[in-house]
**Q** 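Dropping the structure in here first, questions after.
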2 protein chains.
Amino acid sequence: MAKIDEVAKAAGVSISTVSYALSGKRTISAETRRRIEQAVRELDYRPNAGARMLAGRRTNIFALTEPFRADTHAPAHMSFVLATSIAARRYDYDVLLLTDEEATAGMRRVASSGLADAVLVLDVAPDDERVGLARRLDIPSVFIGVPNDHEGLVCVDLDFEAAAALAVDHLAAAGHRSIGLVGHPPGAYLRSNFPPRVRAGFERRAAELGLDSSVERPEAGGTRGAAVRAAVEALLERGVTGLVLHCDDATHLAVLDALAARGLSVPGDVAVVSVGATFDTTSFQPPLDVIPLIPQASCDLAVDLAMQSMTPAPPAPGVRLIAPEYHEHGSVGEAADGSVAAHPPD
Amino acid sequence: MAKIDEVAKAAGVSISTVSYALSGKRTISAETRRRIEQAVRELDYRPNAGARMLAGRRTNIFALTEPFRADTHAPAHMSFVLATSIAARRYDYDVLLLTDEEATAGMRRVASSGLADAVLVLDVAPDDERVGLARRLDIPSVFIGVPNDHEGLVCVDLDFEAAAALAVDHLAAAGHRSIGLVGHPPGAYLRSNFPPRVRAGFERRAAELGLDSSVERPEAGGTRGAAVRAAVEALLERGVTGLVLHCDDATHLAVLDALAARGLSVPGDVAVVSVGATFDTTSFQPPLDVIPLIPQASCDLAVDLAMQSMTPAPPAPGVRLIAPEYHEHGSVGEAADGSVAAHPPD
DNA sequence: CGATATAGTCGAAGCGCTTCGACGACGAGC
DNA sequence: GCTCGTCGTCGAAGCGCTTCGACTATATCG
């Protein structure tokens, strides 16, 4: 717990010189800097956080609001929290966690007590109460996810619509004329911002290409995949030969099981593409083509934007969509009827 | 962003009176307090965090170190993070998250820069590098989990040994003479502190009661429960009629599937007890008896101890084990051979 | 009834840092 | 040779709060 005056004394310079050497905000001679750095090392000096906040008007802390509701899909959300935390550390920022009811109230508290320099908003609902609050806050915020009303906000996310459209493109290019989407349960469409966007992208592109399309949104868990099985049955009965999966890993498994139970092979009889997965789709049997949701991509960008928000030239409000990437793993084959269209785009 | 001097002026008192009224550290007349509180409300005053830290030598922040490694079981760990955060808020404390590589290095950084008042250590490995560091830190720490070498540390956890023993007691009381443990995969016994404790409690009590006992530790995931099925087969071949489950939810499902596939019913043919689950075991088919791991219990106690660590009378180092509780849901029946022992111990 | 305790309030001294303005030294330009 | 600008450094003024000691007014006691 050495203090800056001890460093100054050890290096034979004044307190302000130490401060400038450490912050780099004024030029310091190489020799002086060397002596200061050595003193810092020898004394294991680390500036006091409170003093730094008070004098520097900067906390080096991001508040991360992530409700962690009971129905939150833990693995995906944990990935985002982790990715945010890692991204923040690149700029020497720490992450303060606001969960549960405090996810909203804490934003106000933390902002007006000057505990954080910016707020990162996770697990964004379509109609999120943190939207209005963010506009009123006197520190910047960045949303990872896109609420319905996002005017004036800085948002970052995978382009889920484009991702779904890209999946449809690949199925269409392989000759599939009737395709199905296995989506999240209906409840998720109210609580989360992205399931509706996947669905919209899926249906729009299918319509543009003149494909038959259907959507099923089975409840996950429950009686051991029965709902998923029923959903798959329903899609197959409508003649679907290409499947887009936007759901959790257990539902992925259940879909593959249901297909196997019907004696259908992937990609022989049915083509399958996973969209927006944060988990590894290559460990399924068979490995699945995927347009992944990469937390690191969103979180890195979000943190960059948060940093920029604190400069004199903050980023313009608006939605930054990350372009989807298609990863082939062999789960999409030519449609059985042979009426194959052109090659997959790109 | 009103400041304390504005509150003082609005209430017609001095700055120090406002401070004392807000902290309660000196007596303030009812009338004065009323005027101050009103001014605080009208100005929406909130003390500046940095100034408070600097002057008060207290951050109102707990550092929470939780590595979130790649193989971390997300739902369980998220529950602990959430429970800790909620418990901390009860004392007006915020939680700063240290993940990944920073889980260790961040402890040192946060402690010596005075960014946190105490450290809460999650996801404790048997041989955890944070143990040595915690001893050297100049702020207190509380471990949620018990490392092998815990001398001088304050630790909190479910009494996993007693929990496993309690499960064995119930199986024995129902007349089961040959019992099996389905534990976490072998790797988890190195990374986590509690699987070995469950195993030890299981084997010790089985030996004390003169039961035949076997342990299987199937790899989870992978080829769709094949390892779990094999483990169950192996146990059944050894004549096991009572099963203790200490594993993730997917493995629970796989075990029940494997039993069903053999045409065995629960509790008719096989008795099943789940130990240390953080998930709901009543949604299985059938609902399972359980000795749950309740994150809230551990985290509340941990936060209480952390608070007490900052008083002039810190808690004595040592392991605080939380007594296990048995919840009956009908998955344990009398053993088939009829040689039933006494009733389950309370 | 004077000595003493107690309640209620205030002023001022920090807490450890950042940053502004100033100043000396020195090289460049005229 | 003198002025000017730049580089490197320093002193000191805060940042907004907590807390110590002191002071007044009132209550308590022998």
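Each chain gets a letter, A, B and so on, in the order the sequences are listed, and its residues count up from 1.
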**Q** Can you tell me how far P of dC17(C) sits from CG of N48(B), to the nearest Å?
**A** 17 Å
**Q** Any side-chain heavy atom of S309(A) within less than 4.5 Å of one from M307(A)?
**A** no
**Q** Just checking R26(B): base, sugar-phosphate only, or nothing, at a heavy-atom cut-off of under 4.0 Å?
**A** base
**Q** In whole angstrom, what separates K3(B)'s NZ from dG14(D)'s P?
**A** 12 Å
**Q** So do V81(A) and F68(A) actually touch side chain to side chain, heavy atoms under 4.5 Å?
**A** yes
**Q** Measure from CD on E31(A) to C1' on dA25(C) and round the result to the nearest Å.
**A** 17 Å
**Q** Can a donor-acceptor pair be found between the side chains of R46(B) and S112(A) at a distance below 3.5 Å?
**A** yes
**Q** Quick check on DNA chain D: between S29(A) and I15(A), whose nearest nucleotide comes earlier from the 5' end?
**A** S29(A)
**Q** Taking atom CZ of R320(B) as the centre, report whether more than 12 heavy atoms of other residues, nucleotides or ligands fall under 6.0 Å from it.
**A** yes
**Q** If I take atom NZ in residue K9(A) and atom C1' in nucleotide dG16(C), what distance separates them, rounded to the nearest angstrom?
**A** 15 Å
**Q** Could you check how far CE of M53(B) sits from C1' of dT18(D), rounded to whole Å?
**A** 14 Å
**Q** Rounded off to whole Å, could you give me the CD1-to-P distance for the I28(A) and dT6(D) pair?
**A** 18 Å
**Q** What nucleotide among dC17(D), dG14(D), dT9(D) has an atom nearest to a side-chain atom of R52(B)?
**A** dC17(D)
**Q** Once hydrogens and angles are ignored, does a donor-acceptor distance under 3.5 Å link the base of dG11(C) to the side chain of S16(B)?
**A** yes
**Q** Hey, is the side chain of S14(B) poking within less than 4.0 Å of OP1 or OP2 on dT9(C), counting only N and O atoms?
**A** no
**Q** Start at the 5' end of DNA chain D and walk down; is the nucleotide closest to S23(B) or to L54(B) reached first?
**A** L54(B)
**Q** Any N or O donor-acceptor pair linking the side chain of Y20(B) to the base of dC17(D) at under 3.5 Å?
**A** no
**Q** Between C1' on dA12(D) and CD1 on I4(A), what's the gap in Å once rounded to a whole number?
**A** 14 Å
**Q** Does dT18(D) have OP1 or OP2 sitting under 4.0 Å from an N or O in the side chain of S19(B)?
**A** yes
**Q** What is the distance, to the nearest angstrom, from the CG atom on N60(B) to the C1' atom on dG16(D)?
**A** 16 Å
**Q** Regarding T278(B) and S79(B), do their side chains bring together a donor and an acceptor under 3.5 Å, going by distance alone?
**A** no
**Q** Do any side-chain nitrogens or oxygens of K25(B) fall under 4.0 Å of OP1 or OP2 in dT19(D)?
**A** yes
**Q** On DNA chain C, compare the nucleotides closest to R57(B) and G12(B); which residue's is nearer the 5' end?
**A** G12(B)
**Q** Nearest to the side chain of T32(B), heavy atoms from C-beta on, is which of dG16(C), dT18(C), dG8(C)?
**A** dG8(C)
